[in-house]
Amino acid sequence: MSPFLRTIFVIARRDFLSIVATPTFLLFLLAPLFMIGVGAIGGAGASQLADSARGAGRIVALVDTGDIEALRAADSRLRDALPRREKPVTLEIRVATPAADPLAIAREKGSDTYAVLSGPLAAPRIVEQEKGSSSGRYLALLAGEVLRDRAAGPLPPVAPRFESIANQGASIAVQQSMGFGAVFAIFLLTLLLAGQAVGMLAEEKGNKVIEILAAAVPLESVFLGKLLGLLGVAILFIAFWTAMAIGGGLVAATQIDPGAIAATGAAGKSAAALVSAPATGWPFFIGIGFAYFVMAFLLLGAVFLGVGAQAGTVREIQMLSLPITIFQVAMFSLSAAASSAPGSRLATIAQIFPFSSPLAMAARAATDGNHAIHLLALGWQAIWVALVVYLSVRLFRAGVLSGGGSWKFWRRAKVVTSAATPAGVVSSQSH
Amino acid sequence: MTALTVEAQGLTKYFGNFKAVDNVSLEVPTGSIYGVLGPNGAGKTTSLRMTLGIIDPDAGSSRLFGGQRPQSVRHRIGYLPEERGLYPGMKAREAIAFMGALRGLDWSEGRRRAETFMTELGLERVIDEKIRKMSKGMAQMIQLIGSIVHAPDLIVLDEPFSGLDPVNQERLEMLVRRERDRGATILFSTHVMAHAERLCDRLAIIARSQRRFEGTVDEARAMLPMQVRYTPRGAPDPAVIAAMLPPGAEPRGDAWQFPIADAGVEPLLARITASGHGVAGLSIVRPGLHDAFVHIVRQVDAGFEADARVDALEEAAL
């Protein structure tokens with residue numbers, strides 16, 4: 001190993017251990033548990049609300065006894081063809097009696113009645129809650145179906161043959177949403193720790209270790225080592241939660257009867273998503289996604305580290321956290337927009353601009369099957385990491401290390417100009 | 001001529017419009033102990049930092065070990081900065097091994113040497129203590145060990161004695177001599193003359209950003225005339241004694257005190273013997289480094305005040 005790499009690892013090791021070997025890290029590691037808990041409680045509450053609301057709604061048909069069977073058959077036939085979310089609310093069929101008043105039924109307590117059908121099927125009276133509601137239209141459609149069945153007589157049953165094309169090509173929409181998912185995941189993981197880079201050199205400046213480091217090793221390796229240490233923490237975090245997720249999945253799989261999974265529609269849906277793989281294939285997509293995560297982390301981390309290194313006090317570092325978050329969100333928005341419009345000019349810009357490039361390129365891996373382009377992108381981003389670190393180090397050397405008290409470059413400039421002015425005045429007077 | 005470990009030529013550094021270091025050169029012979037002396041704020045630390053390449057000089061250059069750039073020979077240098085600093089959460093042994101590892105020493109070897117050094121310096125109690133639990137002086141000794149744990153060829157110590165109790169100062173002097181005997185070259189700065197006088201083979205005095213003196217301790221002391229303290233026997237007439245002694249002699253109680261040039265010693269003794277006033281007490285001593293240092297710094301300061309007066313006059317004239 002070259003001495004440069006070795007010193008990077010010495011610094012990274014120190015930083016990694018000093019972050020991980022603290023009780024606070026445990027809190028950090030387990031923080032997603034709180035998020036999951038809160039999310040689960042909120043989600044359960046919300047779905048319960050939705051369910052109870054859905055269960056409470058109904059439409060009512062007041063028909064003659066002879067029409068009941070035909071109406072029920074027509075309802076189940078039509079219902080089958082509609083997607084789950086768009087199925088009409090429960091149909092309640094009642095026998096029409098002279099005493100039954102559709103308006104009274106519509107106003108009955110205990111459930112929301114969206115529409116009530118009464119009278120003969122050929123000319124039904126439909127009382128609806130809202131003018132022109134789909135519930136009213138649905139009741140009219142049912143009545144028509146019943147009449148049409150009756151007029152046409154028994155028809156031979158349709159024997160459809162379904163053919164699936166799911167395996168032949170993934171849907172573009174699914175791939176785009178995978179791209180967005182990758183952007184979002186990388187953004188979230190970067191948000192976790194890259195922002196912390198801004199305060200990392202404050203520790204060394206505070207306890208004066210910076211001079212030992214600066215004397216002993218090139219500052220570039222200090223900066224890179226710190227980034228690497230932080231990246232190690234992030235990877236530990238990801239590995240921990242990936243392991244938890246896989247473990248949890250395995251446990252869940254042993255608990256649930258496979259038959260039950262097949263029976264539920266939800267499982268069928270996620271299976272469909274799995275079938276439609278990203279354009280580059282799952283293994284490559286996950287691998288390159290991780291590579292882009294590392295790059296995004298290093299790039300943003302290098303910027304934040306460099307900016308933070310210029311800050312003099314903890315207060316200044318705290319003040320910097322807002323622009324930093326905005327910068328991250330801006331890169332996320334740009335890449336998210338790019339992921340929803342693959343091949344557009346916006347997408348190209350997002351893929352070339354170095355700080356959004358890892359996110360946008362990860363999205364591209366979902367929709368574009370080209371593998372070689374990613375090698376180019378990773379190289380391009382690596383150049384920028386090196387460039388940012390180089391510039392940060394130059395600024396740090398010129399400003400913080402040399403300047404003593406006046407590390408702010410604009411303040412130093414002012415000192416120089418104020419020094420220059422009196423001399424100029426004197427010389428102009430003496431002429 | 002002996003080989004030079006440090007060759008720094010014409011180092012100059014501006015902080016804003018203030019010239020912190022002005023054309024300072026340092027030539028440190030290999031295997032010697034070299035002191036950089038100067039009052040507070042004279043530019044010692046900045047000179048050392050430039051010598052080690054931690055900051056870049058605005059003019060001049062620094063070459064180590066025969067023409068090498070300081071950045072390329074980091075692993076052969078040990079440096080104790082003026083601003084002491086260690087990671088407070090680290091244990092002493094780890095902190096020392098960490099500093100060694102930065103300079104290319106193996107971690108396990110660093111831990112082993114840390115134990116040896118700490119035991120030698122009477123710090124075996126705190127080997128596995130965290131730095132934050134230590135006293136300032138202890139932490140300083142840890143840092144000192146950390147800066148020499150990789151057995152460097154050049155050891156640069158910035159104000160190593162400040163903050164240490166006399167016992168630890170003594171240990172540090174021992175350590176410095178031992179490192180020199182091992183073959184290392186030691187360059188250190190201080191404003192405490194006693195240490196410099198005892199340790200240094202050569203020294204440079206920096207005052208007001210410039211190097212004002214370079215040479216051995218004896219050469220520095222030789223800049224001032226020897227001081228004579230003479231007590232005649234009995235109670236002779238002061239006027240008679242004053243006439244016999246060189247001009248400038250002052251009575252201090254029974255004794256007389258006056259400076260004397262090296263060549264004037266024998267004639268003086270002859271005169272005293274011939275005068276018959278007897279000798280109740282006589283000492284002729286070379287002033288210490290302390291006096292030489294104060295003398296040099298005062299001269300420089302006086303020059304600056306004179307300059308300031310001239311400046312003021314010139315400004316008034318404009």
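We name chains A, B, ... by the order of the sequence lines, and we start the count at 1 in each one.
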Output yes when B/E115 and B/R111 qualify as a salt bridge under the 4.0 Å nitrogen-oxygen rule, no when they do not.
->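 The answer is no: the pair does not qualify as a salt bridge.
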Would you mind checking which part of [X] comes under 4.5 Å of any heavy atom in chain A, side chain (CB onward), backbone (N, CA, C, O), both or neither?
X     : result
B/M50 : neither
B/Y79 : side chain
B/I77 : neither
B/Q71 : side chain

Please find out if less than 6.0 Å separates the ring center of A/F223 from that of A/F396.
->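 Centroid distance A/F223-A/F396: below 6.0 Å, so yes.
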Face-on cation placement of A/R13 at B/W107 ring, 6.0 Å and 45° thresholds =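 That pair qualifies as a cation-pi contact.
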Run the numbers on B/V156 and B/L52 for side chain to side chain contact (heavy atoms under 4.5 Å, CB included), then give the verdict.
-> CA-CA 9 Å; B/V156 178; B/L52 292 179; 3.8 Å; yes
